[in-house]
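Heads up: the structure comes next, in structure tokens.
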Amino acid sequence: MKRQKTFFMIKDLIFEIQKPEITLKQIRVAEVKIENEEYKELRKKFDEDVFHIEKKPEGWFITQKE
């Protein structure tokens with residue numbers, strides 16, 4: 001019998017897992033990795049000395065500091 005691979009996808013990113021079961025912890029870890037990557041990209045476009053970058057349930061909230 002050929003061994004099959006298991007994958008799951010969040011926001012167009014595909015993750016391969018070793019076991020066929022996907023745990024809630026694996027999903028949370030993947031979500032944190034995605035948020036970190038999104039934050040890195042936003043920091044490239046918005047200088048943190050000038051803008052405040054905040055993650056909210058609706059998405060990223062960027063305001064200019066005073």
Side-chain angles (χ1 to χ4, degrees):
M1 183 175 184
K2 184 177 177 185
R3 183 167 182 236
Q4 296 181 354
K5 295 181 180 182
T6 302
F7 299 91
F8 73 98
M9 188 171 86
I10 297 176
K11 293 186 180 181
D12 297 332
L13 294 176
I14 300 172
F15 298 89
E16 180 181 354
I17 57 173
Q18 301 302 319
K19 298 178 183 177
E21 300 85 20
I22 300 171
T23 65
L24 186 57
K25 181 180 178 181
Q26 289 172 313
I27 293 171
R28 298 244 196 258
V29 167
E31 288 175 338
V32 168
K33 287 181 182 178
I34 292 167
E35 283 183 11
N36 288 341
E37 290 301 316
E38 288 174 344
Y39 184 69
K40 285 180 191 176
E41 289 300 314
L42 286 172
R43 282 191 346 217
K44 290 179 185 177
K45 296 178 183 176
F46 298 98
D47 183 8
E48 284 189 292
D49 295 332
V50 180
F51 296 97
H52 179 72
I53 303 171
E54 182 181 357
K55 176 71 173 160
K56 293 190 175 189
E58 307 88 42
W60 291 98
F61 189 67
I62 301 168
T63 56
Q64 190 168 1
K65 293 181 179 179
E66 294 183 21

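Under the 4.5 Å side-chain heavy-atom criterion for grouping Ile, Leu, Val, Met, Phe, Trp and Tyr, Ile34 is not connected to Tyr39 through any hydrophobic cluster. Under the 4.5 Å side-chain heavy-atom criterion for grouping Ile, Leu, Val, Met, Phe, Trp and Tyr, Trp60 is connected to Val50 within one hydrophobic cluster.
Screening residues 31-40 for salt bridge (charged side-chain N to carboxylate O under 4.0 Å, His left out), with sequence neighbours left out, gives Lys11-Glu38, Glu37-Lys40. Pairs engaging residues 52-66 under the salt bridge (charged side-chain N to carboxylate O under 4.0 Å, His left out) rule: none recorded [sequence neighbours left out].
Residues passing the side-chain contact (heavy atoms from CB on, under 4.5 Å) test with Phe51 are Phe46, Ile62, Gln64, sequence neighbours excluded. Contacts of Asp49 classified as side-chain contact (heavy atoms from CB on, under 4.5 Å), with partners at least two apart in sequence or in another chain: Asp47. Applying the salt bridge (Lys or Arg N to Asp or Glu O under 4.0 Å) test to Lys44 and every residue at least two apart in sequence or in another chain returns Glu41.
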